[in-house]
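Accompanying notes for the structure given below.
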Amino acid sequence: MKASLGNTGTSRNHRVLITGLLGAALLLAACGGGADDGGDGKSKQARSDTTCDGRIEGTAHVTVWFHAGRSSELTTLQRQVKDFNKAQRQVRVELVTLPEQKPYNDLVLSAAASGDLPDLLDFDGPRLYSHAWSGKIKPIDSCVPQNLRDDLLPSIRQQGTYAGRLYGVGTFDSGLGLYVRPSVLKKAGIRIPKGVADAWTADELTGILRKLREAGYKTPLDMEIQYAVPGAEWGTYGFAPAVWSAGGDLIEPRTFRTADGFLNGPESVKALTTMQAWAKEGLIYTGKDEKVFVEGRSVIAWAGHWWYPDYSQAHPGDVAIVPLPDFGRGTVTGMGSWQWGVTSGAADGDAVWRFLAYLLKPEQINRMTEANGAIPATDSAVKLSPVYGADGAERLFIEQLRDGVARPRPQTPAYPAITDAFSEAFSKIMRDQAPVKATLDAAVKAIDKDLAAHDGYPQSGP
């Protein structure tokens with residue numbers, strides 16, 4: 001996924017801390033399994049804590065960790081911290097930025113093991129369940145007023161909930177769909193879906209891709225396969241929806257006790273066999289150039305909301321967003337993005353919430369989503385963004401999040417193991433053209449091994 005890496009804005013002392021944590025994290029990674037272990041024995045207590053009691057004693061100092069991803073997000077958050085500190089004196093926020101993705105996750109694990117987590121932690125949405133299960137973060141039910149809870153998009157509430165309690169909240173959500181060039185499709189006599197009710201079927205899309213290739217587009221579909229590598233989240237976020245749309249799943253969706261018969265079931269196999277056939281037939285772009293849609297060499301892009309600014313700038317007035325294809329049970333899309341959680345070691349939950357509540361103000365959400373192009377987390381903030389209005393260019397994204405078309409990645413502490421196994425399997429299937437069923441069988445074994453090692457992740461914690 002488009003992102004810039006680095007630890008811009010980190011002070012010298014924090015660089016020393018981060019270097020030590022990274023070394024420890026790598027040692028932990030060498031010894032551990034796919035899930036976020038590192039519970040400190042406080043998980044049961046943390047689950048019963050009242051994180052907010054309505055009082056802040058004296059001047060509170062809050063440390064915030066943030067992944068150093070897209071520079072626009074980091075710059076915006078830095079300005080928000082500065083403005084928050086300037087506007088009041090009771091809570092002082094210190095922002096620490098750390099490398100994104102795998103290094104960041106390893107640092108969180110290491111810091112949790114040594115008791116060095118910050119007060120407010122930023123993490124990729126589906127990792128919330130592991131953090132909550134192991135006691136790294138506390139429920140924030142006591143902090144979130146009902147009017148704000150009602151204002152949150154249903155997808156934000158859903159992805160922030162574990163075991164019936166709200167543990168996290170994001171200031172934005174994500175969107176996924178097919179970007180298309182209407183002028184090209186109309187010229188080729190291809191219908192353009194108007195919404196989720198008339199999404200292309202997978203078989204229909206196959207025929208469309210063949211027709212576009214005949215029209216001169218050598219690789220008509222860009223799926224950003226170059227980013228679908230083992231351990232990268234794009235593989236799971238971007239393409240689990242095809243499995244769900246076919247009626248399959250990454251794991252048994254009610255008890256999360258096994259992946260067998262679901263990830264390697266006939267529906268999942270069929271969906272990934274269809275996608276692999278696109279690759280074998282040469283209908284999708286498999287190189288490393290991320291500008292194939294921008295430069296017009298592909299005319300359909302299976303991509304996220306973050307690409308809209310670049311695509312619309314490259315093709316003014318000639319970019320539309322349509323639903324992902326229907327593999328048999330209706331179109332499905334992904335959802336979920338980075339979230340905030342109050343750690344179990346936070347000194348003053350009310351002070352942490354004071355800052356988080358500031359970030360959730362409509363104007364502050366709008367400030368961030370204008371910078372990163374994501375979908376605002378509240379209905380109030382959505383109203384400030386004309387692109388999500390009745391005739392807005394990105395209206396589909398908000399409709400999918402509100403109407404149940406969007407689906408969260410598996411809400412289980414086993415998710416780190418699930419995404420590692422699925423992303424590796426997807427890469428082998430699409431990039432190496434490995435046998436679909438056998439590759440999914442191997443992924444199931446890896447997931448079920450992790451489940452067995454953690455006794456199925458009982459809700460009582462480790």
In short, M368 meets Q80 closest at the heavy-atom pair CE-OE1, 3.8 Å
Scanning both residues in full, the closest heavy-atom pair of G304 with Y179 reads O-OH, 2.8 Å
Taking NZ, NE, NH1 and NH2 as the nitrogens, is one of them in D379 or R402 under 4.0 Å from a carboxylate oxygen of the other?
-> yes
Got a donor-acceptor contact below 3.5 angstrom from the T97 side chain to the F66 backbone? no
In a table with atom names and distances, give each donor-acceptor pair under 3.5 Å that connects a side chain of residues 168-177 to protein atoms at least two apart or in another chain.
from	atom 1	to	atom 2	distance (Å)
D173	OD1	G336	N	2.7
D173	OD2	S155	OG	2.6
D173	OD2	Q159	NE2	3.1
S174	OG	Y237	OH	2.9
S174	OG	G336	N	3.3
S174	OG	G336	O	2.9

- Hey, is the main chain of I300 close enough, under 3.5 Å, to the side chain of S298 for a donor-acceptor pair? no
Minimal heavy-atom distance between L98 and Y104, with the atoms involved, is CB-CD1, 3.7 Å
**OP:** Output, in order, the C-alpha distance, side-chain angles, deciding distance and verdict of side chain to side chain donor-acceptor pair (under 3.5 Å) for Y457 and D450.
**Re:** CA-CA 10 Å; Y457 293 94; D450 180 82; 2.6 Å; yes
Practice task
Examine distances only and state if a side-chain atom of T161 and a backbone atom of G164 form a donor-acceptor pair shorter than 3.5 Å.
Solution key: no
Between D350 and R354, is there a salt bridge with N-O shorter than 4.0 Å? no
Residues P325 and L205: closest non-hydrogen pair is CG-CD2, 3.8 Å
Task: Verdict with supporting geometry, I321 and L178, side chain to side chain contact (heavy atoms under 4.5 Å, CB included) - done: CA-CA 6 Å; I321 306 168; L178 296 178; over 6 Å; no
CD (Q158) and CG (L166) are apart, to the nearest 0.5 Å, by 12.0 Å
Residue set satisfying ring-ring contact (aromatic ring centres under 6.0 Å, His included) with Y358, at least two apart, ordered chain then number -> F84
- Message: Keeping W244 on the side-chain end and D249 on the backbone end, is there a donor-acceptor pair under 3.5 Å?
- Response: no
Note to self: Evaluate I284 against M430 for side chain to side chain contact (heavy atoms under 4.5 Å, CB included), listing each step before the verdict.
What the structure shows: CA-CA 10 Å; I284 64 173; M430 297 298 292; 3.7 Å; yes
Counting only N and O atoms by type, is there a donor-acceptor contact under 3.5 Å from the side chain of D198 to the main-chain atoms of G195? yes
Checking Q433 against K280 for the side chain to side chain contact (heavy atoms under 4.5 Å, CB included) test, could you report, in this order, the C-alpha distance in whole Å, the side-chain angles of both residues, the deciding distance, and whether it holds? CA-CA 8 Å; Q433 298 184 1; K280 288 182 176 179; 3.5 Å; yes
query: Would N147 and D151 count as having a side-chain donor-acceptor pair, cut-off 3.5 Å?
result: no
Quiz item: Is it true that a side-chain atom of S110 and a backbone atom of D106 form a donor plus acceptor pair closer than 3.5 Å?
Solution: no
Under the salt bridge (charged side-chain N to carboxylate O under 4.0 Å, His left out) rule, what do D441 and K437 come out as? Steps first, then yes or no, please.
CA-CA 6 Å; D441 285 341; K437 179 63 164 61; 2.9 Å; yes
Residue set satisfying salt bridge (charged side-chain N to carboxylate O under 4.0 Å, His left out) with E424, at least two apart, ordered chain then number -> K428
Ring centers of H131, F123 separated by less than 6.0 Å: yes
Worksheet entry | Any donor-acceptor N/O pair, R409 side chain to M335 backbone, under 3.5 Å | yes
Exercise: do T201 and D203 side chains pair donor with acceptor under 3.5 Å: no
Those residues at least two apart in sequence (or on a different chain) that pass salt bridge (charged side-chain N to carboxylate O under 4.0 Å, His left out) with K361 are none
- Any side-chain donor-acceptor pair under 3.5 Å between Q226 and E290? no
Tightest non-hydrogen contact, residues Q276 and I429, listed as NE2-O, 2.9 Å
_Has E224 got a side-chain atom pairing as donor or acceptor with A301's backbone, closer than 3.5 angstrom?_
no
Applying salt bridge (charged side-chain N to carboxylate O under 4.0 Å, His left out) to R210 and not counting sequence neighbours gives E281
Under a plain distance cut-off of 3.5 Å, with no hydrogens placed, do S72 and N372 share a side-chain donor-acceptor pair? no
Measure from the side-chain N and O atoms of T51 to the backbone N and O of P139, and report whether any donor-acceptor pair falls under 3.5 Å. yes
Handout entry: Ring centres under 6.0 angstrom apart (F397, Y388)
Key = no
Would T63 and L120 count as a side chain to side chain contact (heavy atoms under 4.5 Å, CB included) if you check the C-alpha gap in whole Å, the side-chain angles of each, and the deciding distance to 0.1 Å? CA-CA 6 Å; T63 302; L120 183 61; over 6 Å; no
_Is it the case that the side chains of T419 and E233 hold a donor-acceptor pair, with the cut-off being a distance below 3.5 Å and no angle test?_
yes
Residues 416-451 vs ring pair (Phe, Tyr, Trp, His ring centres under 6.0 Å), sequence neighbours excluded, gives F239-F426
(request) Classify the ring geometry between W234 and W306 as parallel (under 30°), tilted (30 to 60°) or perpendicular (over 60°). (result) perpendicular
